[in-house]
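Accompanying notes for the structure given below.
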Amino acid sequence: MPLEPLSQKDIEERLAELPGWSLDGDRIARSYRLGSHFAAAALVVHIAQVQDELDHHSDLRLGYHSVSLTVNTHSVGGAVTEKDFELARRVEELASGHGAS
């Protein structure tokens with residue numbers, strides 16, 4: 001089944017299930033705060049693994065004690081799709097295991 005862009009209503013409903021995530025233009029976005037630079041770097045590596053598993057990649061930024069990502073689906077013209085929310089849910093699971101807030 002081909003990916004379809006989500007409606008604004010669908011995006012808002014899904015974001016309500018993911019505290020900390022927001023709509024940033026044509027992408028969903030989240031920033032995490034971690035206890036150290038090493039912890040943030042470890043989270044980035046784990047996010048990269050999940051992105052490769054899903055074959056769906058975000059813009060991912062590593063800061064001193066932080067990790068930020070934004071994601072949309074390029075194959076549907078940069079719209080937000082269910083695939084973006086699948087990645088977001090997986091990242092949320094990882095982040096909590098790394099002590100991210």
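Sequence positions, counted from 1, serve as the residue numbers for this chain.
Using modelled atom types, one finds no donor on one side chain facing an acceptor on the other under 3.5 Å when comparing E4 with T81. A donor-acceptor pair shorter than 3.5 Å cannot be found between the side chains of Q49 and E53. Judged purely by distance below 3.5 Å, without hydrogens or angles, the side chains of D24 and T70 never pair a donor atom with an acceptor atom.
Residue pairs satisfying the ring pair (Phe, Tyr, Trp, His ring centres under 6.0 Å) criterion with at least one member in residues 73-101, sequence neighbours excluded, are listed as follows: H46-H98.
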Could you go through the salt bridge (charged side-chain N to carboxylate O under 4.0 Å, His left out) check for E93 and R89 one step at a time? CA-CA 6 Å; E93 292 169 8; R89 285 187 290 273; over 6 Å; no
Under the side-chain contact (heavy atoms from CB on, under 4.5 Å) criterion, do R14 and I28 qualify, and how do the steps go? CA-CA 10 Å; R14 284 168 176 76; I28 57 171; over 6 Å; no
**Q.** Worked check of side-chain contact (heavy atoms from CB on, under 4.5 Å) between Y32 and E92
**A.** CA-CA 10 Å; Y32 297 95; E92 278 298 300; 2.3 Å; yes
Original post:
What's the verdict on side-chain contact (heavy atoms from CB on, under 4.5 Å) for L54 and R90, showing C-alpha distance, side-chain angles and the deciding distance?
Top reply: CA-CA 10 Å; L54 297 175; R90 294 278 304 272; 3.8 Å; yes
Practice prompt. Go through the steps to decide whether R30 and V71 satisfy the test side-chain contact (heavy atoms from CB on, under 4.5 Å), and finish with yes or no.
Written response: CA-CA 9 Å; R30 174 78 152 96; V71 63; over 6 Å; no
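For the pair D55 (side chain) and D52 (backbone), a donor-acceptor distance under 3.5 Å is absent. Remark: side-chain polar atoms of N72 are not paired, donor with acceptor, to backbone N or O of R27 under 3.5 angstrom. T73 places no side-chain N or O within 3.5 Å of a backbone atom of S75 that could act as its donor or acceptor partner. Judged by distance alone, with hydrogens and angles left aside, the side-chain atoms of H56 form no donor-acceptor pair with the main-chain N or O of L87 at under 3.5 Å. Remark: the backbone N or O of Y64 is paired with a side-chain donor or acceptor of H37 at under 3.5 angstrom.
Taking each heavy atom of L34 and A39 in turn, the nearest pair found is CD2-O, 3.7 Å. Looking at every heavy atom in both residues, A100 comes nearest to L43 through CB-CD2, 4.4 Å.
Counting heavy atoms from C-beta outward, L60 and Q51 have side chains that approach closer than 4.5 Å. For the pair V80 and D26, the minimum side-chain heavy-atom distance is 4.5 Å or more.
One finds the OG atom of S68 at 11.0 Å from the CG atom of D59 (value rounded to the nearest 0.5 Å). Here CH2 of W21 is found 4.0 Å from CG of L69. Values are rounded to the nearest 0.5 Å.
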